[in-house]
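A short worksheet on the structure shown next.
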Amino acid sequence: MFESLSEKLETGFRKLRGRGKLSESDVKEALREVRVALLEADVHFDVAKSFIENIREKAVGESVLQSLKPGHQVVKVVHEELVELMGREQSKLTIASSPPTIIMLAGLQGSGKTTTAGKLAKQFKKEGTRPLLVPADVQRPGAIHQLKILGKELGVDCYESDSKDPVEICRSAVSMAKTSGFNRVILDTAGRLHIDDALMDELQKVKSATTPHEILFVADAMLGQEAVNVAKGFNDALDITGVILTKMDGDARGGAALSIRHVTGKPIKLIGTGEKLDKLEPFHPERIAGRILNKGDILSLIEKAEEIVSKEDAEKLANKIHKNVFDLEDFLSQLRQMKKLGSMQSVMKMIPGLSNKMKNTQVDDKVLVKTEAIICSMTPKERRHHKVINSSRKKRIARGSGTHVSDVNRVLKQFDQTKKMMKQFSSGGFARKMMMGKGGLPF
Ligand SMILES: Nc1nc2c(ncn2[C@@H]2O[C@H](COP(=O)(O)OP(=O)(O)OP(=O)(O)O)[C@@H](O)[C@H]2O)c(=O)[nH]1
Ligand SMILES: [Mg+2]
């Protein structure tokens, strides 16, 4: 999502790196490039301007100019400033002390309100709470049906009403939720192509009829600067409590993520990273800044992995690696877990230290499918003791998986390498490196 911004910033910083001492004009030149990179990423003009001014003050300070590694120091200052710009701390959803927590979603047409309502419902259900979806979009034909289908898919209740008045629907849904033991109410409101008085009027009425704990403005990140202006309009009319940025998986240039907080004073709470209902992530300013500066986002990667791999499985695997009995059976289950993490491309993007060039190499996920087919064509004995796989067995495996002997060889080689690598990781080197990547700047 921030590829081109990351790349431009890197180019700017590269010039500073390796210099003994920086002059004010070196810093000025670098900051000029940072400014251009921000504007090209669709960052709001005012935001870019004050961002650069803040950095200049800090970067031209004595400590940076006299530092042994001034280039690194400038990057550090930019990192801190990015984190600051996006709100520093992660901002979580407010949960009401006495249920139900009422969450109102508002935004322009097609910004992703209904999809996000489904994603939130899924997350709440997973957390063990009981959400109620409320379709309050009586404008667009089919809108109510869309939410009903999502509810059915998730096994979450969707409020039914004969009323054609969105304010009435929301009011009665909230009182029903109170009497029927729902502890989360998600109001999916109507959108318009542009901000207009009728929409704002309707939303204000829904707000005063339900007094929501969260009024979340749902913004399409692809809109860039425009999303920022619209956010301002919604905030002025509704006094929103936060923002959900959707479609961060697309080729959004990232400007919205960097400007919205500054312009509205309201935090981005969550980001949508795909059409599927599990593609909702918390917004961590620190981690996003890390992604922008190519530090990777190992913490998010670990969290994702933790959701997929149970602690026991991880311990079992660690034990096997330690005892050096990691076999092709384990390799296969690792591959399957990898697949659940997302595409190879998305996983690679989160690994610190990988260059932009490497992150952008097209990784063919079909190779994983092929590898899986090859291991599945082996006998249990072959999987446990891969050394027995001689050339006639290789031929049989290739035939069984619809591949070539060279593919089988590739998988076996890969397995050997993985096994070696894992042995190294388990001895602590990898973990130590990761920890350093998290704290300091691995440039
Ligand atoms: N790639 C991607 N697509 C998304 C994301 N969130 C929503 N979409 C897609 O955006 C389109 C519009 O989403 P909706 O949820 O219907 O938008 P809405 O705001 O409810 O639209 P209206 O009800 O017409 O106002 C759909 O095709 C969604 O699949 C996201 O995070 N990533
Ligand atoms: Mg909708």
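From a predicted model like this one, the values you see are computed outputs, not experimental measurements. Heavy-atom basis, side chains included; hydrogens, waters and symmetry copies ignored.
Under a 4.0 Å N-O distance rule, the pair Glu168/Arg171 qualifies as a salt bridge. Under a 4.0 Å N-O distance rule, the pair Asp278/Lys126 does not qualify as a salt bridge. One finds a salt bridge joining Glu160 and Lys148 here, because a Lys/Arg side-chain nitrogen approaches an Asp/Glu carboxylate oxygen to under 4.0 Å. Salt bridge status for Glu33 with Lys8: absent, with no side-chain N to carboxylate O gap under 4.0 Å. Remark: Lys370 engages Asp407 in a salt bridge, criterion side-chain N to carboxylate O under 4.0 Å. Under the 4.0 Å criterion applied to side-chain N and carboxylate O atoms, Lys247 and Glu275 are not assigned as salt-bridge partners.
Sorted by first and then second residue, the side-chain hydrogen bond (donor to acceptor under 3.5 Å, both in side chains) pairs involving residues 100-111 (not counting sequence neighbours) form an empty list.
Here the closest heavy-atom approach between residue Pro212 and residue Lys207 is recorded as CD-O, 3.4 Å. When all heavy atoms of Leu82 and Leu258 are compared, the closest pair comes out as CD2-CD2, 3.8 Å.
Within 6.0 Å of the CZ atom in Arg35, the count of heavy atoms belonging to other residues, nucleotides or ligands does not exceed 12. Under a cut-off of 6.0 angstrom, the local environment of CZ in Arg140 is crowded, with over 12 non-hydrogen atoms contributed by other residues, nucleotides or ligands.
Looking at Thr179, its side chain does come within 3.5 Å of a backbone N or O of Met176 through a donor-acceptor pair. His262 places no side-chain N or O within donor-acceptor distance of the main-chain N or O of Val47, the cut-off being under 3.5 Å. A donor-acceptor pair is defined here as one N or O able to donate and one able to accept, closer than 3.5 Å; such a pair exists between the side chain of Asn235 and the backbone of Ile240.
When each of Val156, Leu120, Thr116 is tested with Ile186 by the rule side chain to side chain contact (heavy atoms under 4.5 Å, CB included), just one qualifies, namely Leu120.
Residues Thr114 and Asp188 bring a donor and an acceptor atom of their side chains to less than 3.5 Å of each other.
In this structure, Phe415 and Phe326 have parallel ring planes: the angle between them is below the 30° cut-off, well short of the 60° mark.
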